[in-house]
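Computed from heavy atoms alone, side chains included, the values below leave out hydrogens, waters and symmetry copies. For this chain, numbers begin at 1 and follow the sequence in order.
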Amino acid sequence: MASGILRRWNLLRQFMDEAQRHVTGTARVKLYKGNCWVVGRKSPTSLYHPQFATFEADNVYRQADAEGFIRLNALRLRIRSLLRP
């Protein structure tokens with residue numbers, strides 16, 4: 001039984017190592033009385049771009065694009081309600 005637990009732990013560790021392989025940068029945290037808050041983060045490979053962080057003054061995001069996503073996401077809920085007695 002112990003070998004099964006160790007095997008699962010090893011698989012989980014390998015998964016986490018692979019998931020974090022491209023994570024770089026620094027994070028600033030504030031610690032106070034047992035609490036921890038992220039107050040800043042910086043990474044050379046960040047996907048965040050300030051010019052794309054608006055829904056108004058650019059051509060990157062179109063609100064009409066969200067309609068299809070909302071319908072597609074709601075489809076699973078409609079199917080689930082049809083299948084339930």
Side-chain angles (χ1 to χ4, degrees):
M1 177 158 173
S3 65
I5 292 171
L6 291 176
R7 192 173 328 124
R8 280 187 237 148
W9 171 252
N10 191 33
L11 287 172
L12 180 61
R13 188 176 51 79
Q14 288 174 356
F15 169 77
M16 291 304 295
D17 288 347
E18 181 63 23
Q20 298 297 308
R21 188 163 49 113
H22 298 290
V23 176
T24 60
T26 58
R28 289 184 303 127
V29 296
K30 181 186 266 189
L31 304 173
Y32 182 71
K33 292 188 177 182
N35 293 306
C36 178
W37 295 276
V38 177
V39 295
R41 55 183 77 91
K42 188 189 305 185
S43 173
T45 58
S46 174
L47 297 177
Y48 173 79
H49 197 287
Q51 292 177 335
F52 298 149
T54 178
F55 292 128
E56 298 168 2
D58 59 27
N59 294 324
V60 175
Y61 176 78
R62 291 177 296 157
Q63 290 188 350
D65 293 342
E67 283 182 31
F69 172 77
I70 292 168
R71 285 193 190 132
L72 186 61
N73 199 31
L75 179 61
R76 66 182 176 85
L77 300 174
R78 272 190 257 135
I79 291 171
R80 185 180 70 177
S81 69
L82 292 172
L83 295 176
R84 284 192 173 170

Sequence neighbours excluded, which residues qualify as side-chain hydrogen bond (donor to acceptor under 3.5 Å, both in side chains) partners of Ser46?
-> none
Can you give each donor-acceptor pair under 3.5 Å made by side-chain atoms of residues 11-19, sequence neighbours left out, with the distance rounded to 0.1 Å?
from, atom 1, to, atom 2, distance (Å)
Arg13, NH2, Asn10, OD1, 2.6
Glu18, OE1, Arg21, NE, 3.4
Glu18, OE2, Arg21, NE, 3.2
Glu18, OE2, Arg21, NH2, 2.7

Between side-chain atoms of residues 68-78 and protein atoms elsewhere (two or more places apart, or another chain), which donor-acceptor pairs fall under 3.5 Å?
from, atom 1, to, atom 2, distance (Å)
Asn73, OD1, Arg76, NE, 3.2

List the atom pairs, with distances to 0.1 Å, where a side-chain N or O of residues 26-41 and a protein N or O form a donor-acceptor pair under 3.5 Å, not counting sequence neighbours.
none

Closest non-hydrogen atom pair between Ser43 and Thr24, with its separation = OG-O, 3.0 Å
